[in-house]
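First listed ligand is number 1; within each ligand, the first listed atom is number 1.
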Amino acid sequence: MLQLAEIFYSIQGEGSWAGTPAVFVRLAGCNLACDFCDTDYSLKFFASVDDVVAQVSSVGADCPMVILTGGEPLAQTETPALVEALRADGRRVHIESNGTIFTELPRDVWLCVSPKERVDPRMAQRADEAKLIVDGRIPEEHFPLFVSKSTVFLQPEGNKPRNVELAIDYVKRYPQRFRLSLQTHKFVGIR
Ligand code: SF4
């Protein structure tokens, strides 16, 4: 059984796919404990893989995009089975991960890695998108992991003005390599 926090239909607010409708499947639990984490990923209910696929259909109808997030979605052993079942149901699967747990993923799965502390280099290599959180400083220690990526997002933690200022300044200084990612869903009060 999968451990879940919530399943809901909303809009992806961040990164490359900002503005795209998506069903969010928030898996419960995380293998890290970041100071700034404001996500409630506590366990709310259990569900089988088939139940999750059915709930995705129920809330999102024919929405193509499903985002597996957390917590850390790759911390659960049944997540690869969920990925397969969603793909078989015709969904485009995205995963938002901290990149610490190596997992083989089909090529058509979009992987966003947002490093917090340690990262498995294979996950950094596999990432379709790197999203680095700016929390009082630019996390330059993670840059070497993503040298092969054409674009790295800098995302101000909590949309706080100081973090926004730092991120904008850095992106403007290195426009070939960095882009700003804002949590746009928070501007309009949606999850
Ligand atoms: S990795 Fe993400 S979900 Fe886990 S504690 Fe850190 S910020 Fe929160």
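- Counting only distance, with no hydrogens or angles, the side chain of Arg26 and the backbone of Gly70 share a donor-acceptor pair below 3.5 Å.
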Open item on the list: Phe153 vs Ser16, test: side-chain contact (heavy atoms from CB on, under 4.5 Å). Steps then yes/no.
Closed with: CA-CA 9 Å; Phe153 283 98; Ser16 308; 3.3 Å; yes
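- Per-residue contacts place Asn98 under 4.0 angstrom from the following atoms of ligand 1 (heavy atoms of the residue considered): 1 (S).
- For atom 8 (Fe) of ligand 1, the nearest protein heavy atom (residue, atom name, distance) is Cys37 SG, 2.3 Å.
- The NZ atom of Lys131 lies 4.0 Å from the CD atom of Glu14; values are rounded to the nearest 0.5 Å.
- Taking the ring centre of Phe24 as origin, the terminal cationic atom of Arg191 falls outside the region bounded by 6.0 Å and 45° from the ring axis.
- The protein heavy-atom contact nearest to atom 6 (Fe) of ligand 1 is Cys34 SG, 2.3 Å.
- Near Gly71, meaning under 4.0 Å from one of its heavy atoms, ligand 1 places the atoms 3 (S).
- Shortest contact from atom 2 (Fe) of ligand 1 to any protein heavy atom: Lys116 NZ, 4.0 Å.
- Within the structure, ligand 1 lacks Thr39 among the residues with a heavy atom less than 4.0 angstrom away.
- Looking at Asn98 and Cys30, their side chains come closer than 4.5 Å, going by heavy atoms from C-beta outward.
- Checked against the 6.0 Å centroid criterion, the rings of Phe178 and Phe143 qualify as a close aromatic pair.
- Backbone or side-chain N, O or S atoms of Cys30 reach atom 4 (Fe) of ligand 1 at under 2.8 Å.
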